[in-house]
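So the structure is just underneath, and the comments pick up after that.
Numbered from 1 within each chain, the chains take letters A, B, ... in sequence-line order.
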Amino acid sequence: MRIATWNVNSVRTRLAQVVDWLQQERPEVLCLQETKVTDDLFPRDAFAALGYQMAISGQKAYNGVAILSSLPLEDVQVGFEALLPEDPEAPGLSEQKRVISALIEGVRVLNLYVPNGSSLRSDKYGYKLAWLACLQRYLAVQAGQGDPLCMVGDFNIAPEDRDIHDPERLTGGIMASALERQALAAALEGRLSDAFRLFEPEAGHWSWWDYRSGAWDRDRGWRIDHIYLSEDLLACATGCVIHKATRGNDQPSDHAPVVVNLAWSAGQDDEDGDGFSDGDGDGPPR
DNA sequence: ATGGCCCCGCATCGGGGA
C-alpha cells in the first residue's frame with residue numbers, strides 16, 4: 001500500500017496536476033492539504049472518475065484537508081474534537097480545518113495541516129504551539145485505540161538542521177525554532193518515527209521551496225512535509241521518496257508530494273488466521 | 001547585499017501563507 005501526502009495550495013487551481021500525478025503514480029491513498037475550498041465545491045467528480053473515495057474537511061479560502069483512497073475508507077474522524085470532545089481548548093483549535101483521519105485496510109491514516117506560525121513574534125506562533133500541544137493529547141488518545149498509525153501532512157517544521165538548506169541562517173526562526181521542534185517531538189513521544197529518515201540520512205532533500213527568491217531554481221528548500229509511522233508499520237516500510245519533479249511543473253504548488261510504500265495488507269498481523277491479532281486475548285486458544 | 005510569489009475573494013488591492 002502506497003500512502004502519499006501533498007500540500008497542493010488550492011485543489012481547484014491544481015486539479016489537472018493532481019489528476020495527472022494520480023494517473024501516473026496510482027497511490028492507494030493521497031492526503032491533501034490546503035485544499036482552500038468548502039466541501040460543497042470540492043472537485044469530487046474528477047477523483048471519483050479515477051476510482052477514489054474521499055473524506056474531506058474544507059473551508060473557504062484557507063486551510064482544508066482531504067483523504068483520497070482507492071481502498072475502502074472507513075470511520076472518518078474530523079478535527080481534534082473527534083477524539084477530544086471534553087478538551088476546552090480543542091474546539092477553538094478546530095475552527096480551522098486542519099485535521100482528518102480514516103481507517104484504511106486497518107491502518108489509521110491521519111492527515112494534518114499544522115499552522116505555519118508566521119513569525120516568532122506573531123500571535124500565530126502561540127497558536128501553532130497550542131495546536132501542537134493539542135496534537136500531543138490527541139495522539140495519546142489515538143494510541144489507546146491500538147490501530148497502526150500513519151500520520152502524514154504539512155508540519156511546517158523542519159525537525160533538524162539537515163532538513164533546511166541554510167541551517168546557519170534559518171535555525172531558530174519560524175519552522176525551525178526550538179520550541180516548535182520540541183512540541184512536535186513531544187507529540188511523537190517515541191511512538192512515531194519519520195519514515196523518510198529510515199532510508200535517507202543526508203541533507204539536501206526538500207519538500208517545500210518558497211515561491212519567492214528563486215528558491216526552486218537555487219534548490220533552497222526545506223523538508224517540512226513528513227510521514228510518521230507507528231512501530232508496527234515501520235517494520236513494513238520499504239521506501240519513502242519525495243516527488244520533487246512536480247515542483248518544476250507550470251504553475252506548481254510550492255510543495256512536492258511525499259510517498260511511503262508499506263508492505264501491508266489488512267489482517268496481515270493475524271498470525272494464526274483466526275481473525276484476531278495475537279496477544280490481545282480476544283482470539284480462541286491456539 | 002537583498003530580494004524577487006502566489007492564492008482567494010461580496011476582488012482589480014488587501015490579507016494571508018511559508
### Query
According to the interplanar angle, ranging from 0 to 90°, do the rings of W209(A) and W216(A) count as parallel (below 30°), tilted (30 to 60°) or perpendicular (above 60°)?
perpendicular
### Query
Can you tell me if the side-chain N/O atoms of S10(A) get under 4.0 Å from OP1 or OP2 in dC8(B)?
yes
### Query
If you look at every strand shown and take non-hydrogen atoms under 4.0 Å, does W208(A) touch a base, only sugar-phosphate, or nothing?
sugar-phosphate
### Query
Using atom C1' of each nucleotide, how far apart are dG15(B) and dC10(B) to the nearest Å?
15 Å
#### Entry: Candidates D254(A), D225(A), N156(A), D154(A) - the one meeting side chain to side chain donor-acceptor pair (under 3.5 Å) with W208(A)
D254(A)
### Message
Just to be sure I understand the rule, does K124(A) reach a base, reach only the sugar-phosphate, or reach nothing, if contact means heavy atoms closer than 4.0 Å?
### Response
sugar-phosphate
### Query
Expressed in angstrom and rounded to an integer, what is the separation of W216(A) atom CH2 from dA18(B) atom P?
19 Å
### Task
Between dA11(B) and dC6(B), how far apart are the C1' atoms? Round to whole Å, please.
15 Å
### Task
Quick one: pull up CG in D87(A) and CZ in R137(A) and give me the separation to the nearest 0.5 Å.
4.0 Å
### Task
Grab the CG-C1' distance between D123(A) and dG17(B) for me, whole Å please.
16 Å
### Query
Any donor-acceptor pair under 3.5 Å between the side chain of S213(A) and the base of dG3(B)?
no
### Task
Give N156(A) one of three labels, base, sugar-phosphate or nothing, depending on what nucleic acid heavy atoms sit under 4.0 Å from its own.
sugar-phosphate
### Message
Using whole Å, what does the distance between atom P of nucleotide dG16(B) and atom CD1 of I174(A) come to?
### Response
16 Å
### Message
Rounding to an integer number of Å, can you tell me how far D163(A) CG sits from dA18(B) P?
### Response
18 Å
### Task
Establish, with yes or no, whether the OP1 or OP2 oxygen of dG16(B) is under 4.0 angstrom from a side-chain nitrogen or oxygen of S118(A).
no
### Spacing between M175(A) atom CE and dG17(B) atom P, to the nearest angstrom
13 Å
### Task
Determine the Euclidean distance between corresponding P atoms of dG14(B) and dA18(B); express it in Å to zero decimal places.
22 Å
### Query
What's the OH-P distance between Y125(A) and dG17(B), to the nearest Å?
16 Å
### Phosphate OP1/OP2 of dC7(B): any Q251(A) side-chain N/O under 4.0 Å
yes
### Closest nucleotide among dC6(B), dA18(B), dC8(B) to the Y211(A) side chain
dC6(B)
### Task
Return the value, rounded to whole Å, for the distance between atom CH2 of W209(A) and atom P of dC6(B).
16 Å
### Task
Look at the side chain of K36(A) and decide which nucleotide, out of dG9(B), dC7(B), dA18(B), has an atom nearest to it.
dC7(B)
### Flag, side chain of Y113(A) to backbone of Q96(A), donor-acceptor distance under 3.5 Å
no
### Message
Using a strict threshold of under 4.0 Å (side-chain N to carboxylate O), is an ion pair present between R181(A) and D161(A)?
### Response
yes
#### Entry: 5' precedence on DNA chain B between K60(A) and R220(A) (nearest-nucleotide basis)
R220(A)
### Query
Is it the case that more than 12 heavy atoms not belonging to E231(A) sit under 6.0 Å from its CD atom?
no
## Note on the structure
Assign each of H255(A) and T35(A) the nucleotide of DNA chain B bearing its closest heavy atom; nearer the 5' end lies the nucleotide of T35(A)
### Message
In whole Å, I'd like the distance from the OH atom of Y62(A) to the C1' atom of dG9(B).
### Response
9 Å
### Task
Tell me which nucleotide among dA18(B), dG4(B), dC7(B) gets nearest to the side chain of R14(A).
dC7(B)
### Message
Between dT2(B) and dC7(B), how far apart are the two C1' atoms, rounded to whole Å?
### Response
25 Å
